[in-house]
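On a predicted model such as this, the values are computed, not experimentally measured, just so you know.
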Amino acid sequence: MDDMQHEPETVTAITKARINQLLDSPNVSDWLKTALRAADGHDPITLQNEIEILRHVIAALARTDHDVAMRPISIK
């Protein structure tokens with residue numbers, strides 16, 4: 001969305017439509033679709049904070065050389 005202020009109902013409707021587009025897209029990973037479904041029912045501020053934590057954890061790997069950055073993550 002742009003920097004204009006919108007009514008909360010409008011923002012909610014736009015967000016829901018965008019999420020449904022992502023869920024319906026064959027180009028979106030199953031991982032992201034699962035995360036979007038898991039986000040249902042959670043407040044956006046908590047979600048944003050947790051996304052930021054995830055970004056910080058993953059960012060270091062993404063900045064490494066190509067071979068490391070493209071390797072699947074093994075958490076165990």
Side-chain angles (χ1 to χ4, degrees):
M1 289 196 317
D2 52 38
D3 290 336
M4 288 179 42
Q5 294 293 320
H6 295 282
E7 294 296 322
E9 296 81 11
T10 302
V11 174
T12 299
I14 291 169
T15 301
K16 285 181 179 181
R18 288 178 176 171
I19 290 170
N20 284 320
Q21 286 175 336
L22 291 169
L23 292 172
D24 291 340
S25 174
N27 299 320
V28 174
S29 70
D30 289 338
W31 181 88
L32 181 54
K33 289 178 181 182
T34 298
L36 289 168
R37 289 184 188 103
D40 191 31
H42 294 274
D43 70 272
I45 292 173
T46 298
L47 291 171
Q48 184 172 355
N49 290 339
E50 292 180 355
I51 289 166
E52 191 64 16
I53 291 167
L54 181 61
R55 188 183 72 75
H56 282 290
V57 169
I58 302 301
L61 286 174
R63 288 190 302 264
T64 62
D65 66 67
H66 184 267
D67 289 339
V68 173
M70 295 305 294
R71 230 181 269 151
I73 294 174
S74 177
I75 297 172
K76 297 179 182 184

Task: same_hphob_cluster(Ile73, Met70) at 4.5 Å side-chain heavy-atom cutoff - done: no

Open item on the list: Checking the side chain of Thr15 only, and the main-chain atoms of Val11 only, is there a donor and an acceptor separated by less than 3.5 Å?
Closed with: yes

Open item on the list: So, taking the atom named CG in Asp40 and the one named NZ in Lys16, what distance separates them when rounded to the nearest 0.5 Å?
Closed with: 8.5 Å

TODO: Under the side-chain contact (heavy atoms from CB on, under 4.5 Å) rule, collect the residues that match up with Asp43, sequence neighbours excluded.
DONE: Ile45, Thr46

- [ ] Give, for atom CG of Asn20 and atom CG of Leu36, the distance between the pair rounded to the nearest 0.5 Å.
- [x] 9.5 Å

Open item on the list: In this structure, would Ile75 and Ile51 fall into the same cluster of hydrophobic residues linked by side-chain contacts under 4.5 Å?
Closed with: no

Open item on the list: Under the rule for side chain to side chain donor-acceptor pair (under 3.5 Å), what residues qualify as partners of Glu52, not counting sequence neighbours?
Closed with: Arg55, His56

Open item on the list: Do Ile58 and Val28 sit in one hydrophobic cluster, given that two such residues count as connected whenever their side-chain heavy atoms are within less than 4.5 Å of each other, even indirectly?
Closed with: yes

Open item on the list: Just to verify, what does Asp30 make a side chain to side chain donor-acceptor pair (under 3.5 Å) with, not counting sequence neighbours?
Closed with: none

Task: Heavy-atom closest contact (Leu22 atom, Lys33 atom, distance) - done: O-CE, 3.5 Å

Open item on the list: Is there a path of hydrophobic side-chain contacts, each under 4.5 Å between heavy atoms, that joins Leu54 and Leu47?
Closed with: no

